[in-house]
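Shown next, in structure tokens, is the structure this report addresses.
What's counted below: heavy atoms across the whole structure, side chains too, no hydrogens, waters or symmetry copies. Residue numbers run from 1 in the order of the sequence given.
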Amino acid sequence: MALTKTITVGDKEVKLKASAAVPRIYRMKFGRDIYKDLHDLEKAVGKNDEDASNLDMFSLELFENIAYVFNKLGDPENVPDSLDEWLDQFETFSIYQILPEIIDLWGLNVQTQVESKKTSQN
């Protein structure tokens with residue numbers, strides 16, 4: 001069961017969606033494992049403290065890729081097929097505001113899937 005969330009980025013409403021399709025779409029588009037990348041980003045951001053974080057350019061690129069996939073799934077008609085076009089529609093946005101929202105949504109999605117499996121096995 002997919003979960004959705006709408007967040008505000010600057011003056012723009014951004015619809016995010018988490019489902020079982022996320023890892024596959026992410027892997028097909030970027031050739032990477034979203035589980036590992038989310039884990040690495042969580043470690044780099046630390047406790048969501050800009051002063052204590054350890055973000056490099058690669059981490060920021062991972063974040064942009066992940067945010068794009070979640071938004072593309074959440075609003076496919078309005079999100080461009082190009083990551084660069086998608087980024088161009090925003091002024092600037094903070095990884096420290098958006099990443100926790102994505103991690104929370106993904107965590108709820110994974111929790112829902114685990115609970116569904118437990119229920120169906122009983």
Side chain to side chain contact (heavy atoms under 4.5 Å, CB included), that's the test. Do R32 and N65 meet it? Break it down for me. CA-CA 10 Å; R32 300 190 50 83; N65 294 348; 5.5 Å; no
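- Of all heavy-atom pairs spanning Y26 and D33, the tightest one is CE2-C, 4.0 Å.
- Q89 places a side-chain N or O within 3.5 Å of a backbone atom of W86 that can act as its donor or acceptor partner.
- Distance check, rounded to the nearest 0.5 Å: CG of L16 to OH of Y68 gives 13.5 Å.
- Residues F30 and L83 meet the side-chain proximity criterion, which asks for heavy atoms closer than 4.5 Å.
- Exactly one of I102, L105, V14 qualifies for a side chain to side chain contact (heavy atoms under 4.5 Å, CB included) with I7. That residue is V14.
- When every heavy atom of A18 is checked against every heavy atom of W106, the shortest pair comes out as CB-CE3, 3.9 Å.
- Between L3 and K17, every side-chain heavy-atom pair lies at or beyond the 4.5 Å cut-off.
- When all heavy atoms of D81 and K29 are compared, the pair lying nearest together is O-NZ, 3.4 Å.
- Rounding to the nearest 0.5 Å gives a distance of 11.5 Å between CG of D104 and CG of N109.
- Atoms NZ and OG1, on K12 and T6 in that order, are 11.5 Å from each other to the nearest 0.5 Å.
- S19 and L73 get closest at one heavy-atom pair: OG-CD1, 4.4 Å.
- Proximity of L108 to K5: side-chain heavy atoms (C-beta onward) are nowhere separated by under 4.5 Å.
- The shortest heavy-atom contact between I34 and V22 is CD1-CG1, 3.4 Å.
- Follow the hydrophobic side-chain contacts under 4.5 Å out from I95 and you reach M57 in the same cluster.
- Between V9 and F93 the shortest heavy-atom distance is CG1-CB, 3.4 Å.
- Separating the CG atom in D37 from the CZ atom in R27 is a distance of 12.0 Å, to the nearest 0.5 Å.
- Note that CZ of F90 is 11.0 Å distant from OG1 of T92, once rounded to the nearest 0.5 Å.
- Expressed to the nearest 0.5 Å, how far CG of D40 lies from NZ of K43 amounts to 6.0 Å.
- Here D75 pairs with K15, N71, E77, N78, V79 under the side-chain contact (heavy atoms from CB on, under 4.5 Å) rule; sequence neighbours left out.
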